[in-house]
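Okay, so here's the structure we're looking at.
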Number of protein chains: 2
Amino acid sequence: MKSRPTIVDVAARAGVSKSLVSLALRGDDGVSPATRERIVAAAGELGYRSNALARALRQTRSMLLGVVVASLDNPYHTEVVESVERAAEQHGLSVLLAHGARKAGRMAERLDALGDLNVDGLVVVSSWADPALLQAAARRAPVVMVGRSLEPVAGIDSVNNDDERGAALAVGHLVAAGHERIAHLTASRRPAGLARRAGYEAAMAAHGLAAQVRVIERERDETAGPGLDAALAEGFSAVFARNDVEAFDVLDHAWDQGIDVPAGLAVVGYDDSALALRARPRLTSVHQPRAEMGALAVELLRERWSGRAADRHEVLTPRLVVRASA
Amino acid sequence: MKSRPTIVDVAARAGVSKSLVSLALRGDDGVSPATRERIVAAAGELGYRSNALARALRQTRSMLLGVVVASLDNPYHTEVVESVERAAEQHGLSVLLAHGARKAGRMAERLDALGDLNVDGLVVVSSWADPALLQAAARRAPVVMVGRSLEPVAGIDSVNNDDERGAALAVGHLVAAGHERIAHLTASRRPAGLARRAGYEAAMAAHGLAAQVRVIERERDETAGPGLDAALAEGFSAVFARNDVEAFDVLDHAWDQGIDVPAGLAVVGYDDSALALRARPRLTSVHQPRAEMGALAVELLRERWSGRAADRHEVLTPRLVVRASA
DNA sequence: CTGTTAGCGCATTCAC
DNA sequence: GTGAATGCGCTAACAG
C-alpha cells in the first residue's frame with residue numbers, strides 16, 4: 001500500500017550510514033554489537049525488509065529459481081514441482097512458478113518472463129519441450145529439464161526416470177501374475193510415452209508375448225471415449241497404461257462395462273501420483289522417485305553455477321508399487 | 001549464462017543515447033522513424049530484453065501479481081488460479097505463483113517473499129487464511145482473498161460464491177427428485193464448509209426435513225475411512241458433500257459397498273471441478289463461476305490501484321450442474 | 001576495528 | 001534528441 005521503508009530510513013533512525021545497515025543486517029563482522037543492536041531494533045520498528053529487486057539488480061545472483069510446469073492438472077507434475085521447491089528452499093532459493101507451458105508459444109513467453117526477472121536457473125517440468133526454446137532460455141540461465149526429450153538437448157541438463165525399465169517392471173509383474181494378453185494403452189506421441197511404449201514392446205518380446213499397442217486419442221477435458229471402449233472390448237486380460245491419468249480412465253470405462261478389476265482386467269499405471277490412491281480399486285503403478293528428481297534438478301543447477309560446463313543427463317530407477325488393481 | 005545485453009549496449013550499437021533507446025522501444029512518439037528503426041534493429045541483433053527488475057525498481061509499478069494458493073492438489077484451486085492468470089494477462093500483468101499456504105507459517109513466508117519482490121497486488125486462493133497475515137501483507141500491496149473468511153477482514157477485498165445458496169440448490173435438486181433422507185457430509189470446520197453446512201441446514205428446514213450432518217475426519221493423503229462407511233451405512237438416500245473431493249470419496253466408498261449411484265444413493269458435490277468429470281458416475285455438482293471470480297479478483301486490485309479505499313466483498317451466484325450422480 | 005563515502009547495476013523520466 | 005537524476009541496496013576503497 002504505502003511506500004515501504006528503505007535502507008535509508010533505517011539508517012536515519014539508527015543514526016548511521018546505510019552501508020552499515022546493510023552490513024549489520026547481513027551479519028557481517030566489523031559491526032560493534034551495540035550498533036548492530038540499534039540497527040536491528042530500528043529495522044524492526046520500521047518493519048523494514050530489504051528490497052529483493054534492488055538486491056538482485058546489484059548482485060549477480062537473484063537467488064530466484066524459475067519453475068515452468070506444463071500444466072497444473074496432472075498430479076504427477078505438481079508433485080515434482082513440490083519436490084523441486086523443497087530442495088530449492090534448503091539452499092535459500094525462492095521459487096517462481098509458471099504454468100501452462102503445454103503450447104510452445106506460451107512456454108516461450110513464460111520462459112522469457114522468468115528470464116526478465118533474472119532468475120538464476122530454470123527447471124522445466126514437462127513431458128515435452130521444444131529444444132530450441134530450451135536453448136534460447138539457457139543463454140540467460142542454466143536450464144534443467146525434468147522429463148524426457150526425444151534426444152539429449154545440447155547445453156541442457158536433464159533428470160528422468162528410466163521409462164523403459166519402468167515399463168518392463170509393469171510387464172514383468174503382469175506376466176508373473178499369469179497374464180499373456182497384455183495391452184499397452186497410450187495417447188501420447190511424446191518422448192516419455194514413446195519410451196514406455198518401447199519398453200513395453202521389448203519386455204513383451206523378452207517374455208515371448210505379442211505386443212498389443214492401442215493408441216487412444218484423448219479429448220481435452222474428457223476421458224477417452226469410444227476408442228478406449230473398443231480397446232477394452234478386445235478382451236485383454238491386462239492393461240499397462242501410459243500414465244495414471246489414462247489408467248484412471250481405463251478403470252472408469254471398465255466400471256461402465258461391468259468389467260471387474262483386477263479379476264476381469266488387471267490395470268497398471270505409471271507415475272504413482274495421487275490419482276493412484278484415488279482410484280478404485282487402488283492403482284498399481286510405476287513409481288517415479290520424484291523427491292530425488294526434484295533435489296537432483298536443483299543440484300544440477302548448483303553445479304552449473306559452480307562452473308560445470310559438460311551436460312549431465314541423470315536417469316533414476318523407478319520401482320513398482322503394487323496395489324489392488326493388478 | 002553470460003551477462004545479458006543492457007540498454008547501454010543497444011544505445012552504443014545504434015549510436016544514440018540510452019534514453020532514446022528506452023523511448024523508442026516503448027513506442028513513444030518523438031522518435032524519428034529512421035532512428036527508431038535503427039534502434040529496434042540493434043536491439044534485435046543483440047537479443048536485448050529490458051530488465052524487469054530494473055524497470056520495477058525505477059517505476060512505482062512492477063506489473064507483478066502474486067498469487068498464493070493453498071495447495072496444488074485441489075483441482076478447484078488450480079482452476080481459480082488459471083482464471084486469475086488469464087485475467088492478469090489481459091492487463092499486462094505477470095503472475096508469480098506460490099503455493100503451500102495451508103500452514104500459517106508457510107503462508108506468511110510466501111506472502112513476505114512475494115512482497116519482497118514488490119508485487120503490485122496479491123491474490124490469495126484458499127479456503128482459509130489468518131486475517132492478521134492478510135492485513136500484514138496488505139500493508140505492502142492490496143490483497144484480494146478468493147475464498148471465504150469467517151467474517152470480512154478489514155482492508156481486504158474478497159471474492160466468493162454464495163455457499164448458502166449453492167447448498168440450497170443442491171438440496172432443492174435432491175428434494176425435487178423425491179429424496180427426504182438427505183445427509184450432509186463434511187470434513188471441514190473452515191468458513192466455506194461452515195457456510196455450506198448452514199445453507200444445507202436452512203434448506204432442509206425450509207423443506208420441512210430433518211438435517212443430518214455427519215462430520216467425517218479426513219486423513220492426509222487418504223480417502224476418509226471408517227467414518228464415511230459408517231455414515232453410508234445409515235441408509236441415506238442422498239448425500240450432499242462439502243466439495244467434489246469428498247463427494248468423490250463418497251462415490252468410492254459406495255462402490256466398495258456395492259451401493260448403486262444414483263439409484264441407491266444420490267450424490268451431489270460442490271465446486272464442479274475437473275474431478276466431477278473424472279468421477280463415475282459423473283458428478284452432479286454446484287458450479288462456482290471461477291472464470292468470473294478470477295477476473296473479478298484482478299478487477300478489484302485494479303480499482304485499489306486507482307485509489308478505491310473502501311473494502312469490497314463480492315459474492316457471486318453459483319449454479320447447479322446436473323450430471324449422472326443425482 | 002568501526003564506520004563512512006562514492007559509485008555501481010539498469011531502466012526510466014525530466015529538464016534542457 | 002541528450003545528459004543527469006532517480007529508485008534501492010550492495011560493496012570497494014577509504015578515514016577515523
Side-chain angles (χ1 to χ4, degrees), chain A residues 2-40 42-43 46-64 92 94 113 115-120 140, chain B residues 2-40 42-43 46-64 92 94 115-120 140-141:
Chain A
K2 41 210 61 157
S3 66
R4 48 195 289 191
T6 77
I7 198 171
V8 184
D9 300 320
V10 178
R13 192 173 230 277
V16 296
S17 73
K18 59 182 185 140
S19 315
L20 200 54
V21 174
S22 176
L23 295 175
L25 257 29
R26 279 174 309 128
D28 192 291
D29 301 335
V31 181
S32 73
T35 315
R36 156 165 290 134
E37 193 161 336
R38 255 206 350 267
I39 293 175
V40 170
L46 292 171
Y48 170 77
R49 310 203 85 222
S50 88
N51 186 329
L53 263 50
R55 190 185 330 112
L57 188 57
R58 183 61 177 81
Q59 304 184 316
T60 313
R61 305 268 308 256
S62 67
M63 299 304 269
L64 256 31
S94 298
D116 290 348
L117 287 169
N118 287 11
V119 295
D120 286 334
R140 304 235 237 159
Chain B
K2 41 208 61 154
S3 66
R4 48 196 288 192
T6 77
I7 197 170
V8 183
D9 301 319
V10 178
R13 193 175 230 276
V16 296
S17 73
K18 58 182 186 144
S19 313
L20 200 53
V21 174
S22 176
L23 293 175
L25 256 30
R26 279 174 308 126
D28 191 293
D29 303 334
V31 181
S32 76
T35 315
R36 156 166 289 133
E37 192 160 338
R38 260 211 339 274
I39 294 175
V40 171
L46 292 172
Y48 168 77
R49 308 205 86 221
S50 87
N51 186 328
L53 263 48
R55 187 179 335 109
L57 189 58
R58 184 61 179 82
Q59 299 179 156
T60 314
R61 307 265 311 252
S62 67
M63 298 306 269
L64 255 32
S94 297
D116 290 348
L117 287 168
N118 287 9
V119 294
D120 286 335
R140 303 235 236 158

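The chains referred to below are lettered A, B, ... by the order of the sequence lines, with proteins before strands, and numbering in each begins at 1. FYI, side chains are in, hydrogens and waters are out, and symmetry mates aren't considered; it's all heavy atoms of this structure. Please read all numbers here as calculations on a predicted model, not as lab measurements.
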Show the distances under 3.5 angstrom between N or O atoms of the protein and N or O atoms of nucleotides 13-15 of chain D.
none

**OP:** For B:A42 and B:A14, work out which heavy atoms get closest and say how close.
**Re:** CB-CB, 4.0 Å

Original post:
So with a 6.0 Å cut-off around CD of B:E37, is the heavy-atom count from everything else above 12?
Top reply: no

**OP:** Could you check how far CZ of B:R61 sits from P of C:dA11, rounded to whole Å?
**Re:** 20 Å

**OP:** To the nearest Å, give me how far apart CG (B:L53) and C1' (D:dG9) are.
**Re:** 12 Å

Subject >> Nearest-0.5 Å distance that lies between atom CG in A:L20 and atom CG in A:D28 >> reply: 9.0 Å

Original post:
In whole angstroms, how far is the P atom of C:dG9 from the CG atom of B:N51?
Top reply: 13 Å

Subject >> Nucleotide nearest B:V31 when distance is taken to its side chain, options C:dG3, C:dC10, D:dG1 >> reply: D:dG1

Original post:
Just how far, in rounded Å, is P of C:dC1 from CG of A:D28?
Top reply: 13 Å

Original post:
With a 4.5 Å limit on heavy-atom distance, are the side chains of A:N118 and B:R4 in contact?
Top reply: yes

When you compare the protein's N or O atoms with those of nucleotides 12-16 of chain C, which come within less than 3.5 Å of each other, and at what distance?
unit_1: C:dT12; atom_1: OP1; unit_2: B:R55; atom_2: NE; d: 3.1
unit_1: C:dT12; atom_1: OP2; unit_2: B:S22; atom_2: OG; d: 2.9
unit_1: C:dT12; atom_1: O2; unit_2: B:R58; atom_2: NE; d: 3.0
unit_1: C:dT12; atom_1: O2; unit_2: B:R58; atom_2: NH2; d: 3.4
unit_1: C:dT13; atom_1: OP2; unit_2: B:R26; atom_2: NH1; d: 3.3
unit_1: C:dT13; atom_1: O4; unit_2: B:S19; atom_2: OG; d: 3.1

**OP:** Work out how much the helix from C:dC1-D:dG16 to C:dC16-D:dG1 bends between its end axes, five pairs an end, to the nearest 10 degrees.
**Re:** 50°

Original post:
With a 4.0 Å cut-off on heavy atoms, is A:V16 in touch with a base, just the backbone sugar-phosphate, or nothing at all?
Top reply: sugar-phosphate

Original post:
Quick one: side-chain contact (heavy atoms from CB on, under 4.5 Å) partners of A:S19, sequence neighbours excluded?
Top reply: A:S17

Original post:
If every non-hydrogen atom of B:T6 is compared with every non-hydrogen atom of B:Y48, which pair is closest and at what distance?
Top reply: C-CE1, 3.5 Å

**OP:** Round to the nearest Å and state the distance from A:D29 atom CG to C:dT2 atom C1'.
**Re:** 12 Å

Subject >> Heavy-atom side-chain proximity of A:L117 to B:L117 below 4.5 angstrom >> reply: no

Original post:
5'-most contact on DNA chain D: B:T35 or A:R49, nearest heavy atom basis?
Top reply: B:T35

Original post:
Tell me, do B:I39 and B:R36 make a side-chain contact under 4.5 Å, heavy atoms counted?
Top reply: no

Original post:
Atom CG of A:L117 to atom C1' of C:dA11: distance rounded to whole Å?
Top reply: 14 Å

Subject >> Pairs meeting criterion salt bridge (Lys or Arg N to Asp or Glu O under 4.0 Å) with involvement of residues 47-63 of chain B, two or more places apart >> reply: A:D116-B:R49, B:R61-B:D120

Subject >> Spacing between A:L25 atom CG and D:dC8 atom P, to the nearest angstrom >> reply: 16 Å

**OP:** Sequence neighbours left out, what passes side-chain contact (heavy atoms from CB on, under 4.5 Å) with B:L57? Give chain and number order.
**Re:** A:N51, A:A54, A:L57

**OP:** Specify the separation, in whole Å, of atom CD1 of B:I39 and atom C1' of C:dA11.
**Re:** 14 Å

